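Reading through the structure tokens given below for one structure.
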2 protein chains.
Amino acid sequence: MSYPRFIGKVENSTVILSEEEFHHLKVKRLKEGDFFELNDLKGNIYLCKIEKISKNELKAYPIEKIHQKEEKLKIDLYLCIPNQLSKIDDLIPFLSELGVDKLIPVICKNSAIKQKQIEKKLKKWEKIALNSIKQCKRLYPLKIEPPKQLKDINPDSDIKFLFYEKEKEKTLKQFCDKKVDSISIFIGNEGGFKEEEVLFLEKKGFIPLSLGNLILKMETAVITAVANIKFCFED
Amino acid sequence: MSYPRFIGKVENSTVILSEEEFHHLKVKRLKEGDFFELNDLKGNIYLCKIEKISKNELKAYPIEKIHQKEEKLKIDLYLCIPNQLSKIDDLIPFLSELGVDKLIPVICKNSAIKQKQIEKKLKKWEKIALNSIKQCKRLYPLKIEPPKQLKDINPDSDIKFLFYEKEKEKTLKQFCDKKVDSISIFIGNEGGFKEEEVLFLEKKGFIPLSLGNLILKMETAVITAVANIKFCFED
């Protein structure tokens, strides 16, 4: 049995929902005696029961805590910002579902977008990320960092990969036997990387990998890379 | 160096484009002396050169044949039709880029869509598939079959997988050492499979597999499954 999930908090053994979440709950037509799940964004999931619901008021109580496993593999995605920022809007639910921990928008040589334009989108992206955790039942939303210049990134993950269309030899398969807990992935935008960017990232410890012979759009490359990383390194 | 690719044919050593493809070529602002690639949908890719181009006329000649590897792994995707058919529109470019050979829309118990509604979409889906091969540089477009009832499917691939959320033990990883040339994948829609459907598909040779602990939307499940199948079985 699976119950709808909402985001809110528990205070004095009572469920407190924002107006927006209460609206979502009403849209689902939940009624007295129905159950739902509550994520308090502090790592707790509660099974809750509705005692009373009216147009303006909800009385609901946590019945029990639900155990939920956290993702063990920590994946950070560094993504050269595409010129069409709405592509990121569309990508976030995929990243969220696939359990990516952090998205770092990176301003690369081929990004024609200014830092301010990206910063304006952050609130919207965070909202998309937050909304998607209800359906995919993550504990915490995908974190989205403010945009960074490529020269300023310095990740400390156990292993770092750069998917690069000019790399023809090295593939992810050669690394699947390694035991790692945290991974950074770097993926370019449609314009691809400049050679000096690849050299810089190699110095920072990124290993250039091929994603195969196919020509993939940025979105497909990102989803494929994340899916394969999980397949490769998860038990 | 990468040239834009168009679909057309070569007759008497001259390039012939449809009006629509000629329009696309003009949109790319190609001019006399420029090169482009031509896919004749018969397995040939030509590098072509523009001798003359005006508003209404193109004179272009093939210079040489370009060798292009065909995908070795043949992946057929059986997909329970979601109730929102536009989800398939959005999925086709991904399937195309990832080299899926054939999409078979399947009417399952949880499909509320009628066969006729699906049939009406086939032309549009084929068009989306055809358009996407120019960018991703496939030789042939994704084939899209007319919809089938689940009870009528009978694939003869080397190996057949059914991704099923109630399967918790078996995973794709356990099969990656097998040598296979053709694979059928079956994926349900948001409503999931009925148990009798799973039993029927098991009798047809489908092996139920888990896609992990995450709750994935249909689109994410499909892309992840295809990406992982390729990763698992391709060299």
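Just so you know, these numbers come straight off a predicted model, no measurement behind them. Each chain gets a letter, A, B and so on, in the order the sequences are listed, and its residues count up from 1.
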| Glu71(A) versus chain B, the contacting section by heavy-atom distance below 4.5 Å | side chain

| Which atom pair, heavy atoms only, marks the closest approach of Cys136(A) to Ile215(B)? | CB-O, 3.4 Å

| message | Check this for me: Lys178(B), atom NZ, are more than 12 non-hydrogen atoms of other residues, nucleotides or ligands nearer than 6.0 Å? | response | no

| query | Take atom CD in Glu219(B); do more than 12 heavy atoms of anything else shown fall under 6.0 Å from it? | reply | yes

| query | What part of Lys217(A) is in contact with chain B, defined as an atom under 4.5 angstrom from a non-hydrogen atom: side chain, backbone, both or neither? | reply | both

| message | If I measure from the heavy atoms of chain B, does Cys176(A) come under 4.5 Å with its side chain, its backbone, both, or neither? | response | side chain

| More than 12 non-hydrogen atoms from neighbouring residues, nucleotides or ligands closer than 6.0 Å to NZ on Lys170(B), yes or no? | yes

| Hey, which of Ala225(B), Ser96(B), Cys232(B) has the most heavy atom pairs under 4.5 Å with chain A? | Cys232(B)

| remark: Counting heavy-atom pairs under 4.5 angstrom with chain B, the leader among Lys137(A), Lys230(A), Lys173(A) is Lys173(A)

| Which class fits the ring pair Phe94(B) and Phe94(A): parallel under 30°, tilted 30 to 60°, perpendicular over 60°? | tilted

| query | Checking heavy atoms, do the side chain of Leu216(B), its backbone, both or neither come under 4.5 Å from chain A? | reply | both

| field | More than 12 heavy atoms from other groups under 6.0 Å of NZ on Lys49(A) | value | no

